[in-house]
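Side-chain atoms are counted along with the backbone in the values below, which use heavy atoms only and exclude waters and symmetry mates. For the single chain, residues carry numbers from 1 onward in sequence order. The model shown is predicted, which means the values in this text are computed figures rather than measured ones.
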Amino acid sequence: MSRLQGTSPRSGPRPSVGGPVGMVRRRLRYLLEHGRHGLREHRSVVGNALRVTVASCVAFYLCRYALGLTVMSVYATFTVVSLGVLARIPGSGRQRATTVLMALPAGLALITLGTLLAVQTWAAVLGMLVIGFLVAYAGTTGPRIAGAAPGMQLLYILPCFPPYAPDALGQRLSGFLLGAALLALAQLFLVPEPDTPPFCRLLADAADAAARLADHHGGPLPVQALARAHETGDALRPSRVPPADLPASPTLAHKAMAHATEAVRTLLARLEALHASVGPQYVYHAETVVLLQDISDAARAAAQALRRGKRLRPGEGPSAAALQSELAPVRAHRAVDVLQRLSADDRLAYLRRRSLVVQAADSAVVLALATRLLLGDRSVERSPAGHTFSYAQARLHELWWQRLTTHLTPRSVIFQNACRFALGLAAARAVAGLLDLQHGFWVLLATLTLTRTTSLETWSAVRQALAGTLVGAVLAGGLLALVHDRDTVYAVALPVVMLVAFIAGPLRGLAWAQGGFTLVVATLFAQVAPVTWQLAPVRLVDVLVGSLIGLACGLVAWPRGAGREVRRSMAGLCAAIADSIGYTTARVVDHSGSTDCLDINRALVLAQESLAQYHCELRDESAGQPDWPSVLVAGAEARRGERLLPGRPGRIAPQEVSAWLRREADRTAGDYRSLARHLHSDGEVPRSDARPLDIRALLAVAPAVPHHSPDRETRALSAALLLDSVIWLDALTADLDRIHREM
């Protein structure tokens, strides 16, 4: 809530909570929604288990019994298991199949390298170190690649063990291609995951909702339009969008899509705040109505273009020209005339609403331009309002390089995780090679699947895995002793064992997964080569060795996971906010200072990644946790002002006013730097003494705008820019106060 003195609070009708009846309804709705979510989760697990079982069994039976190619059968089966079970590829059936097929070149390269580097233990270890890091670090480029990474690791692990058999490379590659093709077909046609609405449709729905909200120019509060705006804006939250649909890759289209998403969510928020700040009988002033009409036209045109989805040539598609002309200095006389007719109190409320509608217009301009860029118009680079699209002319390799280098720092949790996994896998490969373990592959598989981001999580996973493997080894040993060498029994049992294991693991936990996989391995390998009941204890020993290696790596490499790193990344974000406040204010006051947003962008990315991992880790829930999302909100607010305010027309004057703004900005920036120092040193964060910014005190030193002054338009623009700057600074001050209260 804004703490500007002299501005009117939000008003308007609030929906009734409904009393006891409403409480019961909400509880029933909550239970129903969670029941549906549980059913969807069970359906997804069963469907995936069925797809993997069918694809792997078809591949194995075809290669082992129809073609008589043992090596090919093993690689075909493990390809399906690695990309279908070990990997967590998100998305619909079509999206998963596409990801599997796109992984073919990388899979062929990994199997080839693993086969060639198996010639010596040191070569295999060095290859495991490099490839393990690269595959894990590649997850920075999007959720699909990140989901496929564990399975891709297995494609190098499997061939990098003796025997050194480059002559078997053909069977290995053929098995991989067959397994990947069968898995892709199963993802497409066998109980496929349902398609989700395209992200562009969600964007179009939100733009339509913004247009309908902007169509309202006075009268009763548009309850339905506000509800629709809230619904469509909420649907664009990253937590509500399926991971495969998020615009998270470093491609031009995804960057433009993310830019448009930020713009339309800001547009909806500003329009909601604008309508909520007036009474039911309020009539908007003429110049506000003109801006709202232009916002509606731009948002509706963007929605229509997004729904068509056709590529645009330069000059086609939604236009922001009308809005940009309305925001130009020549149009400012309308706002000036209104200001002259209002009392002091009404003038404050009007300027507050003027600020909201101008921010909404700025967002509508960005939405229109980002939509054109998304649909292929690369002529978009910089708008007259100062909105930059510097990535519009960048080449694809430049965008990818920028994304990859963002996390190339020891302060990135993605970099830390990649190092941890690479060291663990390399150590496991070295131990398996030096000790000449019979099935060293299982050692690396245990290290890969059990290593976690904290030592506490790793120890918990190791305990569950050893318990499950012990039970599975006992059952597998009994099965091998009873059935012995009767392949027909194993062939009949394999699909049943696979289906049960791949269902029980995701639904019942890691112990069930490890126990079930032990049975799968025993049933599979019994058909490949003669085995005895001793295979079961060998797997138990290998899992134990791999678990100990994973636990050792967890203790050596960043054992606290993101617990420590989240404080450092938040400290870096606070420092970036302070810097942003400083040079944004300098650019607003006298158009000096940096024009680069990369520092706060990178700080936001690192902080978001650290917090995401922190939320996924086991930790002491009894200890109070800071309200880290509030720091992210402050970072996003600082970035918003950095992008929008310097491009606005006008200049802060006179000197007394600019000096006041600089002084307040320096004070707020200093408070953020102090917070950054305390977070970085693990010290206790002191209470904040942040003071609200007083608009009345500011206007007392600001000269009035003469009605017939020749430079009244310039002064009006300066007044509007000043108010927007003060509102932005006050929001950052309020965020800082909230952060201190929650620490």
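Counting heavy atoms from C-beta outward, Tyr490 and Leu480 have side chains that approach closer than 4.5 Å. No side-chain heavy atom of Arg567 sits less than 4.5 Å from a side-chain heavy atom of His678. Annotation: side chain of Phe517 is not in contact with side chain of Thr469 (no heavy-atom distance under 4.5 Å). Side-chain contact between Leu155 and Phe78 is absent, with no heavy-atom pair separated by less than 4.5 Å. Put simply, the side chain of Leu113 reaches to within 4.5 Å of the side chain of Ile131, judged on heavy atoms. Contact check for Leu679 versus Val631: no side-chain heavy atoms found under the 4.5 Å cut-off. No side-chain heavy atom of Val135 sits under 4.5 Å from any side-chain heavy atom of Tyr156. With a 4.5 Å cut-off on side-chain heavy atoms, Leu425 and Arg429 do not count as touching.
Between Pro159 and Ala118, the shortest heavy-atom distance links the atoms O-CB, 3.7 Å. Contact between Phe176 and Gly107 at its shortest, heavy atoms only, is CZ-CA, 3.6 Å. Listed here is the closest heavy atom pair of Ala49 and Ile503: CB-CG1, 3.5 Å. In this structure, Gly127 and Leu117 approach most closely via the heavy-atom pair CA-CD1, 3.9 Å. When every heavy atom of Arg43 is checked against every heavy atom of Pro192, the shortest pair comes out as NH2-O, 3.8 Å. Across Val520 and Ala501, no two heavy atoms sit closer than the pair CG2-CB, 3.9 Å.
Interatomic distance, Ile145 CD1 to Thr140 OG1, rounded to the nearest 0.5 Å: 8.0 Å. Considering CG of Leu573 and CZ of Arg602, their distance stands at 13.5 Å, rounded to 0.5 Å. Within the model, atoms CG of Leu188 and OG1 of Thr98 stand 7.0 Å from one another, a figure rounded to the nearest 0.5 Å. Atoms OG and CD1, from Ser174 and Ile111 in turn, are 10.0 Å apart once rounded to the nearest 0.5 Å. Atoms CG and CG, from Leu182 and Leu62 in turn, are 7.5 Å apart once rounded to the nearest 0.5 Å. Atom-to-atom distance recorded for Leu183:CG and Ser56:OG is 9.0 Å, nearest 0.5 angstrom.
In this view, Tyr164 satisfies the ring-ring contact (aromatic ring centres under 6.0 Å, His included) rule with no residue, not counting sequence neighbours.
A distance-only check finds a donor-acceptor pair linking the side chain of Gln416 to the backbone of Pro410 [under 3.5 Å]. Using modelled atom types, no side-chain atom of Arg144 and backbone atom of Thr99 make a donor-acceptor pair closer than 3.5 Å. Checking side-chain atoms of Gln171 against main-chain N and O of Met72 turns up a donor-acceptor pair under 3.5 Å. Here the side chain of Tyr61 pairs a donor or acceptor atom with the backbone of Ala491 at under 3.5 angstrom. Of the possible polar contacts, none joining the Arg51 side chain to the Gln187 backbone as a donor-acceptor pair under 3.5 Å is found. Proximity of a side-chain donor or acceptor of Asn48 to a complementary backbone N or O of Gly84 within less than 3.5 Å is detected. Between the side chain of Thr53 and the main chain of Leu50, no donor-acceptor pair closer than 3.5 Å is present. The backbone N or O of Thr70 lies less than 3.5 Å from a partner atom in the side chain of Ser73, making a donor-acceptor pair.
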Listed pairs under 3.5 Å, donor-acceptor, residues 243-250 side chains, sequence neighbours left out:
| unit_1 | atom_1 | unit_2 | atom_2 | d |
| --- | --- | --- | --- | --- |
| Asp245 | OD1 | Gln95 | NE2 | 2.7 |
| Asp245 | OD2 | Thr196 | OG1 | 2.4 |
| Ser249 | OG | Thr251 | OG1 | 3.1 |
| Ser249 | OG | His254 | ND1 | 2.8 |

Handout entry: Derivation of the side chain to side chain contact (heavy atoms under 4.5 Å, CB included) call for Val241 and Arg237
Key = CA-CA 6 Å; Val241 179; Arg237 291 180 180 273; over 6 Å; no

Practice task
Decide yes or no on side chain to side chain contact (heavy atoms under 4.5 Å, CB included) for Ile89 and Val100, but give the supporting numbers first.
Solution key: CA-CA 9 Å; Ile89 301 175; Val100 170; 4.1 Å; yes

Handout entry: Evaluation steps, side chain to side chain contact (heavy atoms under 4.5 Å, CB included), between Met128 and Leu423
Key = CA-CA 9 Å; Met128 191 73 260; Leu423 290 172; over 6 Å; no

Practice task
For side chain to side chain contact (heavy atoms under 4.5 Å, CB included), just list the numbers for Phe133 and Phe415, CA-CA rounded to whole Å, side-chain angles, deciding distance to a tenth of an Å, and then say yes or no.
Solution key: CA-CA 9 Å; Phe133 175 83; Phe415 179 86; 3.8 Å; yes

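Aromatic ring centres of Tyr75 and Phe60: separated by at least 6.0 Å.
Between the side chains of Gln527 and Arg64, not a single donor N or O lies within less than 3.5 Å of an accepting N or O.
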